[in-house]
Amino acid sequence: MNDVRKAYGEIEAVKGVSFSVNEGEVFGLIGPNGSGKTTTLRMISTLLRLTSGSINVCGHDVTGDPDKVRGVISYLPEDAGAYKTLTGRAYLRFMAGFFADGEEYEKMVDAGIKLADLGDRIDSKVDTYSKGMARRLLIARAVMPSPKIAIMDEVTSGLDVINAYEIREIIRGITKKGVTVLLSSHNMFEVDMLCDRIAMINEGRLVLTGTPAELKERYGAANLEEVFVKAVKG
Ligand code: ATP
């Protein structure tokens, strides 16, 4: 993305941000609350119009060719929910119907069920799921169509250690299959373990990019949390 700006009326949420994500990597977007991460991810996902600048996703411009962009990405919002009255299986079948039919459809549903890894509970209604189970179902929904780029906003927030760990394992697994992942997170431990490269935004501006190791060295910091605090507070 190149010099991207987004204003909501008087509020300029994103103030000229440029960065690029390499194919096959896990790229983490970090920054304090309200710094513009969700706004940035929503613009990349074609859900929000840019005020100015440009974003190119796999050769397609988000403004000029949003349908092409939608064809190569999947976006999992922070506050995503599944239809509560459906079972997990019925939800995956319903969602797969937007992407495929026939044999390909059945394969996609099977892949989703495997990714969700909910055992017998795949046939329980979504409103009986714990937060972790619901999140696994949503990740499975986002990943089963094999997007080129999976965009995930705070995908492990509020999850227990095991669920967060298993979701990170799913993310690692899909990158091995060639999916590029762009995620936001407030968990610096997670970002350090999972991300190949990181961009940090603060008050709508890009303040740093690099690999976790580079950033720790640059700031003389023992961990990314220290990098974060130094970058924000100076
Ligand atoms: P968090 O970590 O808390 O989720 P964030 O980094 O994702 O925050 P954004 O949600 O992108 O931040 O918000 C960036 C700024 O834009 C904030 O000042 C926010 O209040 C503002 N903003 C976001 N959405 C809207 C909207 N629909 N209308 C007006 N202002 C908005």
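In listed order, ligands and their atoms are each counted from 1.
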Write out each pair where an N or O from ligand 1 and one from the protein are under 3.5 Å apart, with the distance.
from, atom 1, to, atom 2, distance (Å)
ligand 1, 2 (O), Asn33, ND2, 3.3
ligand 1, 2 (O), Lys37, NZ, 2.8
ligand 1, 2 (O), His186, NE2, 2.9
ligand 1, 3 (O), Asn33, ND2, 2.9
ligand 1, 3 (O), Gly34, N, 3.4
ligand 1, 4 (O), Glu154, OE2, 3.4
ligand 1, 6 (O), Ser35, N, 3.1
ligand 1, 6 (O), Ser35, OG, 3.3
ligand 1, 6 (O), Gly36, N, 3.0
ligand 1, 6 (O), Lys37, N, 2.9
ligand 1, 6 (O), Lys37, NZ, 2.8
ligand 1, 7 (O), Thr38, N, 2.8
ligand 1, 7 (O), Thr38, OG1, 2.8
ligand 1, 8 (O), Gly34, N, 2.8
ligand 1, 11 (O), Thr39, N, 2.9
ligand 1, 11 (O), Thr39, OG1, 2.6
ligand 1, 12 (O), Gly36, N, 3.2
ligand 1, 24 (N), Tyr8, OH, 3.4

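- A salt bridge is absent between Lys107 and Asp110; no separation between the charged side-chain nitrogens and carboxylate oxygens falls under 4.0 Å.
- Relative ring orientation between Phe19 and Phe27 is described as parallel, the plane-to-plane angle staying below 30° on a 0-90° scale split at 30° and 60°.
- For the pair Arg93 and Glu106, the salt-bridge criterion is met [side-chain N within less than 4.0 Å of a carboxylate O].
- Between the side chains of Asn202 and Ser35, no donor-acceptor pair is found at a separation under 3.5 Å.
- The residue from Ser185, Ser45, Ser184 that alone fulfils the side chain to side chain donor-acceptor pair (under 3.5 Å) condition with Asp153 is Ser184.
- In this structure Asp160 satisfies the side-chain hydrogen bond (donor to acceptor under 3.5 Å, both in side chains) test together with Asn163, sequence neighbours excluded.
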